[in-house]
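Every chain is numbered from 1 and lettered A, B, ... according to where its sequence line falls, protein lines coming before strand lines.
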There are 2 protein chains.
Amino acid sequence: MTKPTRFLDPTVTVDVVIFTVEDGALKALIIKRAREPFQGSPALPGGFIRRGETSVTAAERILADKAGVKDVYLEQLYTFDEPHRDPRGPVFSVTYFALAPRDEIRIAETAETQKPRFSPVSALPKLAFDHNNIIGYAVERLRSKLEYTNAAYSLLPKSFTLTELQKIYEAIVNRDLDKRNFRKKFKELGLIEPTGSKSKGGRRRPAELYRFKSRKPRMLKKFF
Amino acid sequence: MTKPTRFLDPTVTVDVVIFTVEDGALKALIIKRAREPFQGSPALPGGFIRRGETSVTAAERILADKAGVKDVYLEQLYTFDEPHRDPRGPVFSVTYFALAPRDEIRIAETAETQKPRFSPVSALPKLAFDHNNIIGYAVERLRSKLEYTNAAYSLLPKSFTLTELQKIYEAIVNRDLDKRNFRKKFKELGLIEPTGSKSKGGRRRPAELYRFKSRKPRMLKKFF
DNA sequence: CCAAAAGTGTTGACTGTACACCCATGT
DNA sequence: ACATGGGTGTACAGTCAACACTTTTGG
């Protein structure tokens with residue numbers, strides 16, 4: 001394609017915020033950069049888009065490579081293009097966020113030893129580029145998404161207790177919720193059903209296990 | 001910046017959906033393409049990003065050039081990059097939507113005679129590229145935005161009657177609203193105040209004119 | 001029997017929604 | 001005087017938020 005050079009020819013990258021919930025906290029996957037710029041700094045997983053890829057397929061590749069997951073919830077977040085966000089020059093980052101249950105993620109120690117790990121979003125280190133902003137933006141989006149969709153199913157294992165479910169909501173909206181109201185609301189919504197079995201192994205009363213009836217994204221009238 | 005050629009080097013454009021309300025209908029600005037591809041087809045205003053611009057400043061330039069407006073509400077919408085959306089090759093379009101009162105817009109008949117005009121979003125022609133999709137996406141976003149922000153002020157002239165305000169909401173959410181409930185709700189919200197003067201010139205009872213107290217974006221608890 | 005989490009309903013406040021008539025003006 | 005849109009309040013239903021005790025298990 002021919003194009004006069006008075007036009008900007010930005011580089012385009014993809015960065016992915018991979019969310020999960022672990023130990024009752026909302027966490028995002030962070031790697032250590034293997035190359036300049038910001039070599040050794042913590043950062044979001046990401047990279048250039050390759051020939052033959054779109055931004056979505058690039059995000060899917062990153063998800064598979066860094067977190068070993070496929071077919072998880074993935075949504076485009078925003079395109080960041082502040083002029084000096086990358087010291088190398090104008091770089092557009094098309095960002096995505098993904099939601100996956102912790103037990104489906106196999107973190108890969110890559111050949112480039114990027115040391116991926118989950119970091120609680122409430123206590124992130126200073127990240128390379130504008131990646132702290134990106135995660136902040138993603139958390140906001142996730143928060144509001146939980147209020148009017150059933151997106152939470154994407155963060156949970158196949159079966160879970162109501163308390164676990166509530167913990168996830170509390171971790172994301174960042175405040176305590178009333179146990180009775182939460183359970184009433186969720187049961188009324190008809191999104192979940194008891195599996196029939198019970199949690200075991202604790203030194204306490206076993207809890208009923210539930211599963212989502214459907215694992216399709218859905219809009220809700222309202223939530224909490 | 002050096003970069004191996006196994007990476008995609010997409011072209012990046014900006015397209016802008018400029019919304020307004022006219023004759024009680026939600027409309028978007030459509031131009032006729034002056035050049036190939038799709039020469040002569042209706043399309044969204046847009047173009048390549050120039051050197052020294054970001055996507056926002058490019059969007060602002062397009063707004064100024066095509067609609068003669070500055071300082072209107074402008075928000076990034078989505079980045080479209082379906083592989084075959086442009087016959088010339090991989091082209092990423094970072095899209096924005098803008099809201100402006102009809103009476104602040106001066107449509108410019110440009111040297112390139114792109115014949116800009118407002119077309120009701122409920123009856124759009126077939127547009128170039130994936131521009132029908134883009135507008136559809138923008139309408140959805142606007143609809144939901146109206147429900148939890150005061151964004152409507154961006155579409156209204158400085159003073160307006162409550163009926164005009166209601167018409168705009170009805171045009172966007174695409175259903176009739178109850179007059180008494182609408183007025184009650186809006187007055188309770190405290191966003192608007194009477195100007196003291198009244199509409200004139202009609203062959204009917206003059207209506208109280210209102211203005212928005214503040215023209216800053218604001219979140220609302222809930223709306224209607 | 002004790003510790004720890006599971007489980008369960010009611011009430012009052014608030015919010016949303018449905019609904020019909022009189023008023024002020026211009027012609 | 002009439003046609004046109006302007007303007008106003010009430011009542012019912014549904015939803016949200018606050019709140020405390022009993023149950024089951026393992027140790």
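- Between the OH atom in A:Tyr153 and the CD1 atom in A:Ile192 there is a gap of 15.0 Å [rounded to 0.5 Å].
- Under the rule for a side-chain contact (heavy atoms from CB on, under 4.5 Å), the partners of A:Ser199 that lie at least two apart in sequence or sit in another chain are A:Thr161, A:Pro206, A:Ala207, A:Leu209.
- Between the P atom of D:dG5 and the CD atom of B:Glu208 lies a distance of 19 Å, rounded to the nearest Å.
- Atom-to-atom, CZ of A:Arg183 to C1' of C:dA5 comes out at 10 Å; the value is rounded to the nearest Å.
- Under the salt bridge (charged side-chain N to carboxylate O under 4.0 Å, His left out) criterion, A:Arg102 pairs with A:Glu22, not counting sequence neighbours.
- Taking atom CG of A:Leu177 as the reference point, atom C1' of D:dA18 lies 14 Å away to the nearest angstrom.
- Rounded to whole angstrom, the span from the NZ atom of A:Lys200 across to the C1' atom of D:dT24 amounts to 16 Å.
- Applying the ring-ring contact (aromatic ring centres under 6.0 Å, His included) test to B:Tyr210 and every residue at least two apart in sequence or in another chain returns nothing.
- B:Asp81 and A:Thr54 share no donor-acceptor pair across their side chains, judged by distance under 3.5 Å alone.
- Checking the phosphate oxygens (OP1, OP2) of C:dG9, no side-chain nitrogen or oxygen of A:Lys184 falls inside 4.0 Å.
- Under the rule for a ring-ring contact (aromatic ring centres under 6.0 Å, His included), the partners of B:Phe129 that lie at least two apart in sequence or sit in another chain are B:Phe38, B:His131.
- Backbone-only contact: B:Lys187 has heavy atoms under 4.0 Å from sugar-phosphate atoms and none from a base.
- B:Tyr148 has its OH atom 21 Å from the C1' atom of C:dT15, to the nearest Å.
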Inset, instruction - Could you encode protein contacts along nucleotides 19-27 of chain C as a string, one character per nucleotide from 5' to 3', using B for base contact, S for sugar-phosphate-only contact and - for no contact, with a heavy-atom cut-off of under 4.0 Å? - result: BB--BBBSS
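- In this structure, CD of B:Glu188 is placed 8 Å from P of C:dG16, rounded to the nearest angstrom.
- For DNA chain D, the neighbouring residues in residues 158-165 of chain B, judged by any heavy atom under 4.0 Å, are B:Thr163.
- Partners of A:Ala25 under the side-chain contact (heavy atoms from CB on, under 4.5 Å) rule, at least two apart in sequence or in another chain, are A:Lys27.
- Scanning for ring-ring contact (aromatic ring centres under 6.0 Å, His included) contacts around A:Tyr78 gives A:Phe80, A:Tyr137, with sequence neighbours left out.
- Straight-line distance from the NZ atom of A:Lys185 to the P atom of D:dG14: 16 Å, rounded to whole Å.
- When the P atom of C:dG16 is taken as reference, atom CZ of B:Phe186 falls 14 Å away, rounded to whole Å.
- Residues meeting the salt bridge (charged side-chain N to carboxylate O under 4.0 Å, His left out) test with A:Glu82, sequence neighbours left out: none.
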